[in-house]
Amino acid sequence: MKTSLKLSTLLAAFLPLISNARAQGTVNATTHHTWAANAGWINWQASGATGAGAWTLDSFLSGKIWSANCGWLTLGDGTPANGWHYANTTGEDSGVNLNANGTLTGLAWGANFGWLNFEQTTGKPKLNYATGEFSGFAWSANCGWINLGGSRLITDKLFCPDTDLDGMSDTWEMQHFGNLSRRGQLDADGDGQSDAAEFAAGTDPLNAASILAITGMNLESPPEAYYTATGLSPNRLYTLETSTDLLTWSALTAPALPIGPAAVFDTTFDPAGPRRFWRIRAQKPLP
């Protein structure tokens with residue numbers, strides 16, 4: 001027996017709440033097209049059909065996009081069977097998945113397009129979490145390559161519903177726990193970080209070794225200092241911050257995507273200054 005509501009029911013409750021603000025999905029109001037030589041311009045903020053417009057969630061895409069030459073193309077219905085990724089083994093559970101590293105994989109469908117393949121061998125379609133810009137290509141046997149790049153397609157935000165208000169997005173909770181019965185204050189792996197804190201940091205709530213931490217500091221010709229941190233996720237932005245009292249924090253670096261699971265933050269350090277504390281702050285991209 002399932003212990004949680006189906007994600008389609010949850011999304012059905014949330015989508016009307018934001019439809020007045022953005023009826024055509026999460027893509028940018030002016031930068032919302034892709035191009036195919038055999039299909040022409042494809043509008044990702046199209047209207048005129050149920051479910052029209054592209055939605056970018058934190059682990060998959062959904063909605064319908066429009067080509068004047070080839071009609072509607074469905075990116076997915078927003079209800080993957082497991083709650084977080086389309087299996088793409090049946091027509092009923094097919095769509096485009098957004099992976100943690102920003103790559104897009106899976107299948108979209110249009111009556112005149114046929115199956116549109118998002119794959120990482122040749123086309124390599126991807127979403128840049130820092131800018132919201134798409135790149136790469138997707139392939140349709142009927143219409144050829146569709147170009148997602150050229151700075152013509154940008155999503156303004158990731159839609160991450162948290163219907164039970166526990167500090168964890170529904171898709172992330174389904175991915176790691178298989179249902180929405182967890183409470184955010186629990187600590188599944190016993191590493192001292194709550195499950196909600198692990199979601200915020202982008203770490204694995206089922207792996208005690210996966211934890212966001214500063215692991216080293218190296219002074220090189222002061223006032224230059226290098227801080228090493230581990231436990232970084234490719235779909236979070238990280239900022240190095242400092243404080244003298246643990247109450248007020250100042251950013252020393254701009255929010256940035258990490259380079260690999262460990263990263264080095266370069267900043268200045270005054271050895272003659274007051275005692276200071278440092279931390280790494282994580283934030284979800286495209287808030």
- Query: Can you find a side-chain donor-acceptor pair between Ser67 and Asn69 that sits under 3.5 Å?
  - Reply: no
- Test Lys64 against Leu75 for side-chain contact (heavy atoms from CB on, under 4.5 Å), laying out the working first. CA-CA 6 Å; Lys64 296 179 180 179; Leu75 301 170; over 6 Å; no
- Task: Can you measure from CH2 (Trp115) to CH2 (Trp109) and round to the nearest 0.5 angstrom?
- Result: 6.0 Å
- Are Phe137 and Trp139 co-members of a hydrophobic cluster defined by side-chain heavy atoms under 4.5 Å apart? yes
- Task: Provide the full list of salt bridge (Lys or Arg N to Asp or Glu O under 4.0 Å) pairs with a residue in residues 111-132, sequence neighbours left out, each pair given once.
- Result: none
- Query: Side chains of Thr34 and Asn147: is there a donor and an acceptor less than 3.5 Å apart?
  - Reply: no
- Sidechain-backbone polar pair: Asn82 side chain, His85 backbone, donor-acceptor under 3.5 Å: yes
- Item | Side-chain donor or acceptor of Asp245 paired with backbone N/O of Leu247 under 3.5 Å | yes
- Nearest heavy-atom approach of Asn99 to Tyr129 is O-OH, 2.7 Å
- Partner residues of Arg182 under the salt bridge (charged side-chain N to carboxylate O under 4.0 Å, His left out) criterion, sequence neighbours left out: Asp195
- Message: Between Asn88 and Ser94 (side chain of the first, backbone of the second, donor and acceptor by atom type, cut-off under 3.5 Å), is there such a pair?
- Response: no
- Task: Just jot down the side-chain hydrogen bond (donor to acceptor under 3.5 Å, both in side chains) partners of Glu198, sequence neighbours excluded, or say none.
- Result: Thr203
- Query: Linking Ile, Leu, Val, Met, Phe, Trp and Tyr through side-chain heavy atoms less than 4.5 Å apart, which residues share a cluster with Phe199?
  - Reply: Met168, Trp172, Phe177, Leu206
- So, do Asn128 and Leu257 sit near enough that their side-chain heavy atoms are less than 4.5 Å apart? yes
- Message: Just to verify, what does Arg183 make a side-chain hydrogen bond (donor to acceptor under 3.5 Å, both in side chains) with, not counting sequence neighbours?
- Response: Asp164
- Go through the structure and list residues passing side chain to side chain contact (heavy atoms under 4.5 Å, CB included) with Leu246, not counting sequence neighbours. Trp249, Phe277
- Kindly indicate, with the supporting measurements, whether the criterion side-chain contact (heavy atoms from CB on, under 4.5 Å) is fulfilled by Trp35 and Leu153. CA-CA 10 Å; Trp35 170 261; Leu153 179 62; over 6 Å; no
- Gln120 side, atom CD; Thr122 side, atom OG1 - distance, nearest 0.5 Å: 10.0 Å
- Query: Is the backbone of Asp191 close enough, under 3.5 Å, to the side chain of Asp187 for a donor and an acceptor to pair up by distance?
  - Reply: yes
- Query: With a 4.5 Å heavy-atom cut-off, do Ser233 and Pro258 have their side chains touching?
  - Reply: no
- State whether a side-chain donor-acceptor pair under 3.5 Å links Thr26 with Asp156. no
- Message: Do Ser169 and Asp162 pair up side chain to side chain, a donor and an acceptor below 3.5 Å, judged on atom types alone?
- Response: no
- With sequence neighbours excluded, tell me which residues meet side chain to side chain contact (heavy atoms under 4.5 Å, CB included) with Ala213. none
- Do you know the tightest heavy-atom contact between Ala52 and Ser47? CB-CA, 3.9 Å
- Item | Reported CZ-to-CG distance for the pair Phe113 and Leu73, which is rounded to 0.5 angstrom | 5.0 Å
- Identify, with sequence neighbours excluded, every residue that meets side chain to side chain contact (heavy atoms under 4.5 Å, CB included) alongside Ala256. none
- Query: Taking Thr253 for the side chain and Leu240 for the main chain, is one N or O donor matched with an acceptor at less than 3.5 Å?
  - Reply: yes
- CG/Leu148 to NE2/His33 distance, rounded to the nearest 0.5 angstrom? 13.0 Å
- Interatomic distance, Leu107 atom CG to Leu116 atom CG [nearest 0.5 angstrom]: 8.5 Å
- Query: salt bridge (charged side-chain N to carboxylate O under 4.0 Å, His left out) with Asp204: which residues, sequence neighbours excluded?
  - Reply: none
- Message: I'd like to check the side-chain hydrogen bond (donor to acceptor under 3.5 Å, both in side chains) partners of Asn101; sequence neighbours left out, ordered by chain and number.
- Response: Thr103
- Item | Within-4.5 Å side-chain heavy-atom neighbours: Leu212 and Arg236 | no
- Message: Testing the basics here: between Thr244 and Pro274, what is the closest heavy-atom pair and its distance to 0.1 Å?
- Response: CG2-CG, 4.2 Å
- Query: Does the separation of the ring centres of Trp55 and Phe60 fall below 6.0 angstrom?
  - Reply: no
- Shortest non-hydrogen pair, Thr239 vs Ala254, comes out as OG1-C, 4.2 Å
- Residue set satisfying side chain to side chain contact (heavy atoms under 4.5 Å, CB included) with Leu286, at least two apart, ordered chain then number -> Thr155, Leu158
- Item | Met174 and Leu180, any side-chain heavy atoms less than 4.5 Å apart | yes
- Query: How close do Gly48 and Trp72 get, heavy atom to heavy atom, and via which atoms?
  - Reply: C-CZ2, 4.1 Å
- Query: Please walk me through it: do Leu61 and Trp44 pass side-chain contact (heavy atoms from CB on, under 4.5 Å)?
  - Reply: CA-CA 11 Å; Leu61 306 184; Trp44 288 55; 4.3 Å; yes
- Just by modelled atom types, is the Ala81 backbone N or O under 3.5 Å from a matching donor or acceptor in the Asp93 side chain? yes
- Under 3.5 Å: donor-acceptor pair, side chain of Ser59, backbone of Trp84: yes
- Any donor-acceptor pair under 3.5 Å linking the side chain of His32 with the backbone of Ala29? yes
- Heavy-atom nearest pair, Ala188 first then Pro205, reads CB-O, 3.5 Å
- Give, for atom CG of Leu127 and atom CG of Leu104, the distance between the pair rounded to the nearest 0.5 Å. 6.5 Å
- Restricting to pairs with a member in residues 277-286, which pass salt bridge (Lys or Arg N to Asp or Glu O under 4.0 Å), not counting sequence neighbours? Glu241-Arg279, Glu241-Arg281
- Under 3.5 Å, side chain of Asn97 to main-chain N/O of Tyr86, donor-acceptor pair present? yes
- Message: I'd like to check Ser243 versus Arg276 (side-chain heavy atoms, cut-off strictly below 4.5 Å). Are they in contact?
- Response: no
- Item | Under 3.5 Å donor-acceptor, Tyr238 side chain and Ala201 backbone | yes
- Query: Taking C-beta and beyond as the side chain, do Ile65 and Asn43 meet within less than 4.5 Å on heavy atoms?
  - Reply: no
- Task: Under the side-chain contact (heavy atoms from CB on, under 4.5 Å) rule, what do Leu98 and Leu57 come out as? Steps first, then yes or no, please.
- Result: CA-CA 8 Å; Leu98 174 60; Leu57 284 87; over 6 Å; no
